[in-house]
Protein chains: 4
Amino acid sequence: MRKGVMRPGHVQIRVLDMDEAVKHYVDLIGLIEMDRDDKGRVYLKGWTEVDKYSVILIEADEPGMDFMGFKCVDEATLDSLAADVRKLGIDVKEIPAGDLPNCGRRMQFVAPTGHVFELYATKEQTGKWGISDVNPEAWPRDLKGMKATRFDHCLLYGDDLDGNLELFDVLGFGLAEQVLDPEGNRAALFLTTSMKEHDVAFIKHEEKNKFHHASFYLDTWEEVLRAADLITMTDTPLDIGPTRHGLTHGQTIYFFDPSGNRSEVFCGGSYYFPDHKTITWKAEDLGKAIFYHTRELNERFLTALT
Amino acid sequence: MRKGVMRPGHVQIRVLDMDEAVKHYVDLIGLIEMDRDDKGRVYLKGWTEVDKYSVILIEADEPGMDFMGFKCVDEATLDSLAADVRKLGIDVKEIPAGDLPNCGRRMQFVAPTGHVFELYATKEQTGKWGISDVNPEAWPRDLKGMKATRFDHCLLYGDDLDGNLELFDVLGFGLAEQVLDPEGNRAALFLTTSMKEHDVAFIKHEEKNKFHHASFYLDTWEEVLRAADLITMTDTPLDIGPTRHGLTHGQTIYFFDPSGNRSEVFCGGSYYFPDHKTITWKAEDLGKAIFYHTRELNERFLTALT
Amino acid sequence: MRKGVMRPGHVQIRVLDMDEAVKHYVDLIGLIEMDRDDKGRVYLKGWTEVDKYSVILIEADEPGMDFMGFKCVDEATLDSLAADVRKLGIDVKEIPAGDLPNCGRRMQFVAPTGHVFELYATKEQTGKWGISDVNPEAWPRDLKGMKATRFDHCLLYGDDLDGNLELFDVLGFGLAEQVLDPEGNRAALFLTTSMKEHDVAFIKHEEKNKFHHASFYLDTWEEVLRAADLITMTDTPLDIGPTRHGLTHGQTIYFFDPSGNRSEVFCGGSYYFPDHKTITWKAEDLGKAIFYHTRELNERFLTALT
Amino acid sequence: MRKGVMRPGHVQIRVLDMDEAVKHYVDLIGLIEMDRDDKGRVYLKGWTEVDKYSVILIEADEPGMDFMGFKCVDEATLDSLAADVRKLGIDVKEIPAGDLPNCGRRMQFVAPTGHVFELYATKEQTGKWGISDVNPEAWPRDLKGMKATRFDHCLLYGDDLDGNLELFDVLGFGLAEQVLDPEGNRAALFLTTSMKEHDVAFIKHEEKNKFHHASFYLDTWEEVLRAADLITMTDTPLDIGPTRHGLTHGQTIYFFDPSGNRSEVFCGGSYYFPDHKTITWKAEDLGKAIFYHTRELNERFLTALT
């Protein structure tokens with residue numbers, strides 16, 4: 001949190017059929033439905049998140065990610081960071097408060113990889129779902145499916161990774177992990193503004209603005225197993241897992257929503273502080289970097305994007 | 001234990017290079033080396049096993065399984081079961097005590113699938129390894145690698161499954177689970193003489209006497225993860241996992257010893273009593289039956305045999 | 001299963017208020033309500049059990065255990081075991097089929113410690129709850145509370161442990177573990193007729209026929225944690241745990257039903273085969289034998305009996 | 001990290017006998033011995049920590065904590081925070097670089113509760129122990145005992161909690177959780193400068209400068225069980241656990257070093273961001289706040305201090 005960006009605060013995901021999507025994100029992943037708006041958007045969150053929502057589902061003709069937002073410590077930080085981003089030659093648009101319901105003004109811009117990001121500092125706080133701020137119980141008893149605790153990060157594919165590294169450095173993110181090819185070119189960036197090993201990550205890809213997955217945090221490896229079981233019980237398309245990543249060392253499973261967007265649930269993984277040296281994975285060992293156990297990429301992981 | 005057969009007591013596995021094999025079974029899987037004999041055979045066991053050994057490694061020109069032995073409650077049971085087996089028209093050979101060191105006489109025969117099995121009732125008991133019979137601690141502190149607790153079962157491939165079912169019924173085994181094709185032919189048998197969901201299993205295959213894997217028991221799904229990590233750290237060839245089986249619902253990982261023999265470590269899984277109805281998996285759903293999460297067979301699982 | 005007794009099949013527990021009791025055993029422990037009879041008795045089971053029920057709750061003026069029943073492999077075994085028990089000078093009463101609904105005839109007798117046991121061979125089989133016999137899923141999605149998988153064993157307090165040891169030896173049970181005082185007197189017996197480290201256990205106590213607890217099996221140590229959390233969330237009186245036993249090395253938590261009967265949920269623990277040497281704990285180390293971590297008994301564990 | 005303080009960086013613990021202390025912190029807890037100095041001090045760390053050491057053991061006549069240090073992002077932050085602390089009327093002493101080996105200058109002061117704290121920005125970085133910065137394996141294979149991953153926090157007892165709250169607010173810490181009595185007085189402060197629910201905590205106590213425990217992080221609840229087992233196997237005095245805290249919801253076990261200093265190993269627990277509302281526990285429910293499962297304090301927890 002070197003410059004006042006706290007965490008991934010929300011992501012807007014395009015889905016082809018809202019009813020099917022809600023079954024996936026609410027009944028299967030276990031996010032809580034918090035609201036719907038008059039445009040038909042559905043607002044969700046994981047039960048440990050204190051803000052009103054973190055995932056926005058919107059019906060559209062094709063799947064993918066509309067934008068990802070980061071929450072900052074205060075409104076002043078928004079202006080200061082917007083100024084810093086503009087200095088990079090990136091246009092920043094201010095969207096007024098209320099455009100997203102219960103959310104303050106947002107400073108929105110397109111990253112060099114073509115993805116839309118935004119910063120905001122204010123969102124209605126409803127507190128953790130299902131437990132009190134006073135004498136809180138350990139967890140709420142009415143969780144569904146995988147019982148995902150929070151929206152954690154996104155992995156995005158795009159072309160200009162050097163540009164994004166410069167942008168996120170300006171936003172105070174650290175480069176926790178990277179993949180380097182023998183010529184020293186970066187093939188992947190794992191960027192963080194917190195103790196988490198990644199708040200957003202990018203993998204090099206010829207097209208701009210591709211969405212690889214949104215990720216949700218589980219408490220334990222046993223929850224990852226139960227998530228895997230639920231994927232089977234619900235005939236949900238599996239990508240890969242349960243397994244461990246080399247990058248971040250998190251324990252993970254990937255699967256697809258009914259629109260073709262990939263979801264991840266994971267647990268564990270390394271932690272980061274700003275004085276940590278960047279961890280490097282060699283591009284020639286990308287298989288092991290991504291899938292620590294098989295040490296092989298599956299084609300789908302590299303090409304199924306939305 | 002309907003007729004006095006207690007459990008899988010030992011398996012003799014052929015390996016191409018003993019030093020490499022010991023690294024696999026002792027340093028990686030965590031079996032304890034208990035003895036070597038003048039033929040160069042190495043005797044191993046898991047730490048919870050009370051008999052002196054359960055895995056016998058023998059150097060040979062090609063990998064595979066020489067024989068699998070079941071321990072019976074007493075010597076009288078050997079004679080009675082041998083008589084029952086002979087009634088099936090199967091020749092039973094008595095091998096005198098001491099042929100395997102520290103082991104009593106063995107009644108050996110070839111099953112209809114071509115695999116060699118034997119029954120015995122006596123083996124030197126050295127007790128659980130590393131803990132006492134009096135005020136035992138929960139586990140020994142000096143275990144290596146995956147810390148496998150016991151030799152658990154074998155999965156074998158062969159042709160005459162109906163013949164084997166008849167044989168193992170005579171030995172008092174129950175058919176805990178099976179795979180049936182639409183014509184009602186059995187494609188797999190999971191047989192047990194204990195509370196375990198399988199003490200030996202067979203999958204239909206055109207060749208006789210093929211060895212699919214020997215399996216070792218771990219305590220928890222977290223140990224399966226650590227096993228997977230160790231497979232990677234030691235550059236051991238992985239087959240598949242961590243995952244769950246449909247058949248037995250055990251949580252598992254498969255990998256190969258340096259000779260090409262497959263090993264499994266697993267935990268969990270269903271339990272069996274003699275009044276349990278046989279669980280049936282449909283052959284058309286064999287992918288899910290074998291690999292519950294991917295719901296797809298990998299070719300290697302069906303064809304990499306020794 | 002040396003003589004045809006398979007497992008603990010049922011226990012009848014006296015409760016002061018049925019509605020409160022059902023909340024405890026169904027909503028909290030997660031047993032399934034399978035039936036009620038015209039005497040107001042409620043029939044429950046864990047989801048992995050294939051018979052129709054295993055726990056019978058009956059309203060009464062004081063708490064405790066009415067009887068514990070063991071299921072045998074067939075009706076002929078009942079007569080043979082009844083004859084063996086009578087040879088010990090113990091009276092055996094035959095209760096006709098249907099006295100317990102959906103249950104065959106039962107051979108009932110009073111053990112030297114004053115507890116009522118019975119043997120039976122027939123009970124309606126409804127299969128595992130919530131999953132099919134064909135292509136079964138890994139677990140049912142609608143389980144409640146602690147999601148207990150089965151009724152596992154009882155621990156009973158009474159005076160004549162030597163008499164009970166003789167009785168259960170006649171029934172084919174093995175003495176998996178014992179507590180011995182310096183004079184060689186037995187202070188505790190852990191008896192089993194299966195691979196489980198105990199199907200019934202006795203602790204020396206001056207009174208006859210006291211009930212210490214009924215125990216239910218959980219899959220993992222993480223489930224024990226969740227059970228502990230639920231005990232707190234429901235303001236259920238805790239006895240002790242989460243912890244590990246020395247005896248059996250199981251991982252456990254104890255708590256009380258609204259009538260004062262103690263319940264246990266546990267996981268893990270050692271396994272037994274008939275050739276295992278009895279494990280001995282020294283009476284002077286009883287604290288560690290019972291509670292492996294604290295190495296101290298709590299007074300309640302020894303005196304809160306029903 | 002509102003004002004540039006990153007994390008607890010080190011703690012100096014007084015021990016009566018260094019050889020015994022090393023057995024406790026290295027062989028049992030699993031910290032790595034990194035160095036010794038000519039004053040006989042021993043320097044330790046958890047394997048995931050990138051700086052050279054985090055725990056300093058020093059032989060002394062009585063146990064307790066000498067000081068706790070927090071690492072800041074850079075040297076300029078030290079001066080700025082020292083100035084802020086001095087504005088509170090607290091004397092700040094600058095200790096030159098090298099006074100602690102491999103450590104830069106430290107700004108040291110006494111908190112209102114009488115505890116000595118210090119800030120520093122520079123320490124030799126040796127990287128995570130046992131794994132590489134390039135293609136790192138998931139964990140090192142040669143860890144001992146409980147395999148503690150890092151020094152995590154201290155809990156300290158003292159009188160002037162309001163004074164400490166003001167001090168740590170100036171240092172940029174947030175109040176993640178608190179205990180309030182009915183009059184609104186704070187009985188406990190859980191303070192954090194990271195995503196962790198506490199980097200340092202204070203409990204109200206009449207004496208100044210008492211040390212309750214130093215805490216080390218484990219990965220899983222299963223590791224907490226193994227820690228508990230090791231405490232028993234090594235005859236280490238147990239305080240309480242395994243259990244869960246109400247405050248932070250971490251899963252924990254407490255035990256004592258040979259000098260009487262309390263140690264904690266724990267896993268899990270809530271996470272914190274600066275916009276989180278402070279969680280409040282009522283002083284009248286302090287039992288549940290501290291020990292979520294027993295809902296009772298043990299006297300030792302409140303009075304065994306060093």
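The shown structure was predicted, so the numbers you read here are calculated from the model rather than taken from an experiment. Here is how names work: the chains are called A, B, and so on, in the same order as the sequence lines, proteins then strands, and each is numbered from 1.
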Run the salt-bridge test on D/Lys196 and D/Asp199 with the 4.0 Å N-O cut-off and return the result as yes or no. yes

Heavy-atom cut-off 4.5 Å, strictly under: side chain, backbone, both or neither for [X] against chain A?
| X | answer |
| --- | --- |
| D/Asp133 | both |
| D/Trp221 | neither |
| D/Thr48 | both |
| D/Gln251 | neither |
| D/Ala138 | both |
| D/Glu137 | both |
| D/Asp74 | neither |

Decide whether A/Glu264 and A/His245 meet the rule of one side-chain donor and one side-chain acceptor closer than 3.5 Å. yes

Do A/Glu75 and A/Thr122 have side-chain atoms, one donor and one acceptor, less than 3.5 Å apart? yes

Is A/Arg150 close enough and on-axis enough to A/Tyr217, meaning under 6.0 Å and within 45°, for cation-pi? yes

Whatever's closer than 4.5 Å to a heavy atom in chain D on A/Asp285 counts as side chain

Closest heavy-atom contact between D/Trp129 and D/Pro140? O-CG, 3.4 Å

Let's go through A/Phe291 and A/Leu297 carefully: what are the C-alpha distance in whole Å and the side-chain angles of both, what is the deciding distance for side chain to side chain contact (heavy atoms under 4.5 Å, CB included) to 0.1 Å, and is it a yes or a no? CA-CA 7 Å; A/Phe291 299 124; A/Leu297 285 176; 4.2 Å; yes

